Amino acid sequence: MMDKNTNPTTPPVCSYEGSDYQDSFWETGTRRYEDAVEAIALQRLLNKPGKLMLELGAGAGRNTPRYADWQRVVLLDYSRTQLVQARERLGDSQRYIYVAADIYKLPFVAGLFDGATMIRTLHHMADPKLALQNVRSVLAENAVFILEFANKRNIKAITRWLLGKQKWNPFNHEQVEFVELNFDFHPKAIRALLKETGFKLEKQLSVSFFRANWFKNHISHDRLVTMDSALQSTGAWAQITPSVFSRTIAIGSSSKPEGNDFFRCPICAHPLPEASSSQTCPGCGHAWEYRDGIYEFRIQPES
Ligand SMILES: [Zn+2]
């Protein structure tokens, strides 16, 4: 299902190119509980309207309708086919900008966005520090950034480790790659990383307490969602769930975009306007394609 793209200058990227992830994972019911509790967490953390939101790892747009208070949303994903599905779902409108690009080579001028979210995406980042540095650079000062990460110190991992069924220690701060390009992180390591890359942590929620199949098989969906909702705020003092949501603020100075500058060539960093058409970079001459309503800013696109 997932391929690894190998780019010589950046860490490998996990791609959902050609996958029916949206349908098989979220819409046929097996992950309905996770979807519902994530919606509650997002609503609690993203409590102010804004102008321009960057949705990193937007996929097929599962969360995008939850940003209704934002004037415009850039949906960014490495997989073009996921964006095609998002566009089919959300439609073509001035509100949505679809961009196929690599998080390690973000194609935007510095300081462009006043908000960003990254949900179930850091999970695939072999170099989370480089990813967060890139995100910080395209945010304005005081922009809100919602980060979700997969927590290695979760109750299931702790139990398995204590029973000797799992080799890796959930309490040490190293990230663990449990499947190729799927990483779980320690909450303390993420907090240190956020601080180091220019984000101030404001609020943390623990999410998905009842992800195990036993709960889904024995307790009603509505009851599980209600119980998760009641427990999420315990994330302020302990995080033992497989998923943790954080609201952070971008601190330190940011450059301000000039004139019509919007995109930035991922090869030579020359600024480019939001053109709704293909454009040739005046800096390096690379032709950046705009096709079927999707901007192509991957340096070596697969399709
Ligand atoms: Zn260029």
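Values below: all heavy atoms of this structure, side chains included; hydrogens, waters and symmetry mates excluded. Please read all numbers here as calculations on a predicted model, not as lab measurements. Both counts, for ligands and for their atoms, begin at 1 and track the order of listing.
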Is it true that [Y] and [X] share a donor-acceptor pair across their side chains at a distance under 3.5 Å?
| X | Y | result |
| --- | --- | --- |
| Ser243 | Glu38 | no |
| Tyr33 | Ser208 | no |
| Arg44 | Ser229 | yes |

Got a salt bridge between Asp77 and Arg298, using NZ or NE/NH1/NH2 to carboxylate O under 4.0 Å?
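So Asp77 does not pair with Arg298 through a salt bridge.
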What residues form a side chain to side chain donor-acceptor pair (under 3.5 Å) with Arg191, not counting sequence neighbours?
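So Arg191 forms a side chain to side chain donor-acceptor pair (under 3.5 Å) with Gln204, Gln239.
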Would you mind counting protein N, O or S atoms that sit less than 2.8 Å from the Zn ion (ligand 1)?
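Number of qualifying protein atoms: 4.
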Does CG in Asn217 sit with more than 12 non-hydrogen atoms of other residues, nucleotides or ligands closer than 6.0 Å?
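More than 12 heavy atoms, drawn from other residues, nucleotides or ligands, come within 6.0 Å of this atom.
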